[in-house]
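Notes for the one structure printed next.
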2 protein chains.
Amino acid sequence: MGTRATIADVARKAGVSPSTASVVFSGKTPVSDATRRKVEDAAAELGYTGPDPRAASLRTGRSGIVGVVFEEHLGAAFLDPVKTLMMDGLADAVSPLGAGLLLLRDHEPSGRGATLTTAPIDAAVLVGCSGRLRESLDAVLGRGIPVVVMEGDAGADVPRIDLDNVEAQRQAASHVRTLGHSAVVILTLPHRADGPAGWVEGAADDEITVDVTRDRLRGAREIYPSAPVYAAAASSIDEGVAAGRAILADPAARPTAVIAQSDLLAVGVIRAAEEAGLRVPEDLSVTGFDGIEIDGLAPYELTTLVQPAADKGRAAGVAVAAMLEGREAASIRFTCVFREGNTTAAAPVETGLAASGAARLSPTP
Amino acid sequence: MGTRATIADVARKAGVSPSTASVVFSGKTPVSDATRRKVEDAAAELGYTGPDPRAASLRTGRSGIVGVVFEEHLGAAFLDPVKTLMMDGLADAVSPLGAGLLLLRDHEPSGRGATLTTAPIDAAVLVGCSGRLRESLDAVLGRGIPVVVMEGDAGADVPRIDLDNVEAQRQAASHVRTLGHSAVVILTLPHRADGPAGWVEGAADDEITVDVTRDRLRGAREIYPSAPVYAAAASSIDEGVAAGRAILADPAARPTAVIAQSDLLAVGVIRAAEEAGLRVPEDLSVTGFDGIEIDGLAPYELTTLVQPAADKGRAAGVAVAAMLEGREAASIRFTCVFREGNTTAAAPVETGLAASGAARLSPTP
DNA sequence: TTGTACGCGTTATCAT
DNA sequence: ATGATAACGCGTACAA
């Protein structure tokens, strides 16, 4: 009662050797029915429910656990629709593998507990990664654990699942330009983990540690090289509203279009525009990125880039499965599909106001 | 190169004993700076990145992992808004504990891999549980692992986090009755895992293995004891549409109100009603359950019961933390708040049609 | 402060 | 088909 029964206890009670008892549970070797019965009965009597996972794992070197590493508050994984879809696909793909998904943060604040370095994982998926990516990556690679990186550059040898962010965002910007907009603001995702919101003066690419942010910005800049850049603190409607208010604050310096790096941010901007008495798309065009379903957005239908989020997750799972079987996993780059909604329209006829606004908005003072 | 360095290798290289090296990494005992340096240098040279989690876990008996067990496809955990919120709260609450969340299914189809019985977890949270609950529960209790059950009856001794489902659903039904409805259909969640959709004839309580379904139905029946019952196959908008079509199929037997056991189902019913040319709430009143945000529902605002999903998750996390510290954890029952939207209205004036419909709808043929 | 010795519970290997 | 043996890699009394 004080201590749990072990397989040795069961074996003794059943009158067989520990290895035989072990084999009864693992099924790795044929066992006579009589022996099996003896062992099972003994186990039942002792309340033995099977091998201790810890010991088995130590011995076999496998835990059946795939770690999924987020750089942010874990809850975000459940609240961000893109991540949610991605996880759905991932769960799907590792399911036949029989593996469980262990949700981890890259940098666990409290000392003890499971972190990337202390969790018994067979493989890892690094997602939404940024500056801390290298750190996490080294930890995993150092342990010789197969790893897949989503949306981040991990160097050679590490399979990568990502999007054609540059090209996709270029498409959206191009669409906006075709509509005749010149006073454009680019609303980006955070530039680095925990980055504050605000205007970014002459944002140099190498100051942006979040790969997604950098690439999408790069794409937009191929069309609008000198458009002002406002960085949001996170990808959420609330942050989008805050950013929208800041961007639309000065009536004399209002853009006629906002290129947002996520749908949630775009929705926030639309709300902010409504607040400010602007009509979308007549007074302000807004583009998003992700192509998620957004509740309560009617009658708007966002002009955006639809990314195959679930497929991305599934691909990561497939890659993990391959690596666990000792095969090589290939990097995959998914393609976004441009979808024109009703949140973009031709630029308003150029008034002195808009013209001066455009001028004021140039990044160089 | 062939095999990984162990702490013994590091100790040897550093010229200290294994236990000293161990202490350097765990920090459980003061170590002289000189020794620490020696060990750290040796570790760096050997590419040793810290204790093997498997071995450490076997030794200490702790893994820093909390298992979260779903009865369904894991992806569902990420697509169902209620579960999503719940997980957010749970992640929140176990975070200070430094524990990772391991997502598991109650019954893993493929043989190998992490299951409830083979995963190195310190504690378990059973969620959305039904008939298989007992099975999962036995597995966990047998291993002496602390467990918390969400939305399910696990018997005494097992802390339970749930809702006042009966009372809450009674409130909604009562509201519907106050509006004068007599031709009412109750649209329930599945009656058992993988239960098929369809009309349920004289559903006896004890045939319903899903606790949530049973309790909410019980609440509705306190007001409408003989209302026909239609069971959905899952909680989703799509299933709601399918159920709605079936419920509204016969114009002569149409109800004037549908009491749905989840918001998603309710939304589906509304869509089906629109399809059928019915106006909500003028021709058909619909109530939901959960109080989640639903995109694209405007101009409707669901009459529903708002449940504190995130708080539920948080409570589970707190309970787990308590049990891991050897304290007792209390069961908690959360209260839903009735919220009247614009999807319910007074029953249409009784026509011969509606009257006969009500008659036809009585469960006894 | 450091080292010695042992066991955590299991499973792979090999021999029988 | 079954059994003996030897790790797996670590943490922690306890002694020095």
Side-chain angles (χ1 to χ4, degrees), chain A residues 2-40 42-43 46-64 112 117-120 122 142-145, chain B residues 2-40 42-43 46-64 112 117-120 122 142-145:
Chain A
T3 175
R4 292 215 90 51
T6 76
I7 202 172
D9 299 329
V10 173
R12 197 175 313 121
K13 180 143 199 158
V16 300
S17 81
S19 41
T20 303
S22 170
V23 158
V24 168
F25 287 102
S26 74
K28 297 241 176 190
T29 302
V31 183
S32 76
D33 276 0
T35 312
R36 151 163 290 115
R37 281 287 297 276
K38 276 195 299 187
V39 172
E40 281 169 350
L46 265 47
Y48 179 82
T49 45
D52 180 323
R54 288 174 262 269
S57 164
L58 170 60
R59 184 56 221 199
T60 61
R62 291 187 119 47
S63 62
R112 25 168 239 192
T117 47
T118 64
D122 292 343
R143 278 172 62 194
I145 294 176
Chain B
T3 174
R4 291 220 88 51
T6 76
I7 203 171
D9 300 328
V10 174
R12 199 175 313 120
K13 179 140 199 159
V16 301
S17 83
S19 55
T20 303
S22 170
V23 159
V24 168
F25 287 102
S26 73
K28 296 241 174 187
T29 301
V31 182
S32 76
D33 276 2
T35 312
R36 152 163 290 116
R37 280 287 295 277
K38 276 194 298 186
V39 172
E40 282 170 350
L46 265 48
Y48 179 80
T49 44
D52 180 322
R54 289 174 259 269
S57 165
L58 170 59
R59 193 63 182 83
T60 61
R62 288 188 123 48
S63 62
R112 28 167 238 189
T117 47
T118 65
D122 292 343
R143 280 172 61 195
I145 293 175

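Chain A is the first sequence line, chain B the second, and so forth, proteins listed ahead of strands; every chain is numbered from 1.
Leu58(B) comes within 4.0 angstrom of a base, heavy atoms only. Residue-level contact check: Tyr48(B) touches the backbone only, with heavy atoms under 4.0 Å from sugar-phosphate atoms and none from bases. Among the heavy atoms of the strands, none lies under 4.0 Å from Val23(B). Residue contacts shown for Ser57(A) are absent, as no nucleic acid heavy atom lies under 4.0 Å away.
Minimum atom distance to the side chain of Ala55(A) is reached by dG9(C), of the listed dG9(C), dT2(C), dG11(D). Of the candidates dG3(C), dT10(C), dC8(C), dG3(C) carries the atom nearest the Ser17(B) side chain, counting heavy atoms from C-beta on. Here dA1(D) is the nucleotide among dT11(C), dA1(D), dT12(D) with the atom lying nearest to any side-chain atom of Pro30(A). Across dG9(D), dG9(C), dG11(D), the shortest atom-to-atom separation from the side chain of Thr6(B) is found for dG9(D).
Atom CZ of Arg59(B) and atom C1' of dA5(C) are 11 Å apart (whole Å). Atom-to-atom, CG of Asp9(A) to C1' of dG7(C) comes out at 14 Å; the value is rounded to the nearest Å. The distance between atom NZ of Lys38(A) and atom P of dG3(D), rounded to the nearest whole Å, is 7 Å.
Between Ser19(A) and dT5(D) there is no side-chain N or O to OP1 or OP2 distance below 4.0 Å. Contact annotation: Ser32(A) side-chain N/O to dT2(D) OP1/OP2 distance is under 4.0 Å. When the side-chain nitrogen and oxygen atoms of Thr20(B) are compared with OP1 and OP2 of dG3(C), one or more of them lie within a distance under 4.0 Å.
The existence of a salt bridge linking Asp33(A) and Lys38(A) is excluded, since no basic side-chain nitrogen approaches an acidic carboxylate oxygen closer than 4.0 Å. Taking 4.0 Å as the cut-off between side-chain N and carboxylate O, Arg59(A) and Asp52(A) do not count as a salt-bridged pair.
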Quiz prompt | Derivation and outcome, side-chain contact (heavy atoms from CB on, under 4.5 Å), residues Val39(A) and Arg36(A) | solution = CA-CA 5 Å; Val39(A) 172; Arg36(A) 151 163 290 115; 6.0 Å; no
